[in-house]
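Here the structure is laid out as structure tokens; the discussion comes afterwards.
One-based numbering along the sequence shown.
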Amino acid sequence: QVQLVESGGGSVQAGGSLRLACAASGPAAANHALGWFRQAPGKKRESVAAINWSGADTYYANSVKGRFTVSRDNSKITAYLQMNSLEPEDTAVYYCVASSWRTIATRPDYWGQGTQVTVSS
């Protein structure tokens with residue numbers, strides 16, 4: 001089992017930045033890939049970014065490449081999502097996820113509660 005707790009959401013104007021954090025806990029937490037999904041009102045959940053257990057491999061959705069950066073600190077088993085140049089289209093609930101690298105961006109095993117990110121124009 002892996003437990004995930006997100007923090008760092010909030011409201012920002014377009015062009016601004018936010019950093020999300022995801023603290024993972026549980027016996028297998030350190031061995032899991034960590035990532036982020038988001039769900040905007042009326043839209044399906046979509047994968048945003050992910051990082052494998054060692055930090056050597058990362059994945060980004062095309063819509064966030066060049067603006068978002070995912071990282072992790074394995075001493076704290078915490079993942080971060082640095083979001084720059086935010087756009088109103090980035091407004092969504094952001095969920096931290098944990099899974100194997102094979103499924104982290106498609107059907108992750110574990111989900112956090114979510115944190116709201118609102119970008120105003």
Side-chain angles (χ1 to χ4, degrees):
Q1 283 283 359
V2 178
Q3 292 79 43
L4 303 168
V5 178
E6 303 102 332
S7 60
S11 297
V12 66
Q13 289 192 327
S17 299
L18 284 173
R19 189 176 83 153
L20 306 182
C22 172
S25 60
N31 298 325
H32 279 67
L34 298 174
W36 301 88
F37 272 63
R38 68 185 180 186
Q39 186 168 23
K43 295 188 176 182
K44 293 182 179 179
R45 284 183 183 180
E46 61 173 352
S47 179
V48 175
I51 188 166
N52 78 330
W53 71 272
S54 69
D57 290 323
T58 56
Y59 156 83
Y60 295 96
N62 287 336
S63 59
V64 306
K65 279 181 182 177
R67 300 188 298 122
F68 290 11
T69 302
V70 62
S71 61
R72 70 187 287 164
D73 180 346
N74 278 342
S75 69
K76 301 176 182 178
I77 318 180
T78 298
Y80 303 95
L81 186 67
Q82 178 67 43
M83 304 184 293
N84 298 329
S85 302
L86 282 161
E87 304 168 352
E89 293 73 23
D90 296 315
T91 295
V93 177
Y94 283 70
Y95 297 90
C96 180
V97 294
S99 196
S100 67
W101 183 241
R102 185 173 57 87
T103 59
I104 190 69
T106 55
R107 44 185 177 84
D109 295 323
Y110 304 100
W111 292 77
Q113 297 278 55
T115 186
Q116 178 69 46
V117 170
T118 303
V119 184
S120 58
S121 57

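- By the side-chain contact (heavy atoms from CB on, under 4.5 Å) test, Asp57 pairs with Asn52, Trp101, sequence neighbours left out.
- Sequence neighbours left out, not one pair with a member in residues 32-75 passes disulfide bond (SG atoms under 2.5 Å apart).
- Applying the salt bridge (charged side-chain N to carboxylate O under 4.0 Å, His left out) test to pairs two or more places apart or on separate chains, none has a residue in residues 8-18.
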Determine all donor-acceptor pairs shorter than 3.5 Å in which one atom belongs to a side chain in residues 13-20; sequence neighbours excluded.
residue : atom : partner : partner atom : Å
Ser17   : OG   : Asn84   : OD1          : 2.9

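- Scanning for ring-ring contact (aromatic ring centres under 6.0 Å, His included) contacts around Tyr94 gives an empty result, with sequence neighbours left out.
- Looking at Glu6, its side chain does come within 3.5 Å of a backbone N or O of Gln113 through a donor-acceptor pair.
- Screening residues 108-121 for salt bridge (charged side-chain N to carboxylate O under 4.0 Å, His left out) gives no qualifying pairs among residues at least two apart or on separate chains.
- Taking the side-chain hydrogen bond (donor to acceptor under 3.5 Å, both in side chains) definition, one finds that Ser121 meets it with nothing, sequence neighbours left out.
- For Tyr110, the ring-ring contact (aromatic ring centres under 6.0 Å, His included) test picks out His32, with sequence neighbours left out.
- In terms of the side-chain contact (heavy atoms from CB on, under 4.5 Å) criterion, residue partners of Thr118 (sequence neighbours excluded) are, by chain and number, Ser11, Thr91, Gln116.
- Within the 3.5 Å criterion, the main-chain N or O of Trp53 finds a donor-acceptor partner in the side chain of Asn74.
- Glu46 is linked by a side-chain contact (heavy atoms from CB on, under 4.5 Å) to Arg38, counting only residues two or more places apart in sequence or in another chain.
- Within the structure, the disulfide bond (SG atoms under 2.5 Å apart) test picks out the following pairs touching residues 72-121 (sequence neighbours left out): Cys22-Cys96.
- In terms of the side-chain contact (heavy atoms from CB on, under 4.5 Å) criterion, residue partners of Ala49 (sequence neighbours excluded) are, by chain and number, Tyr60, Val70, Leu81.
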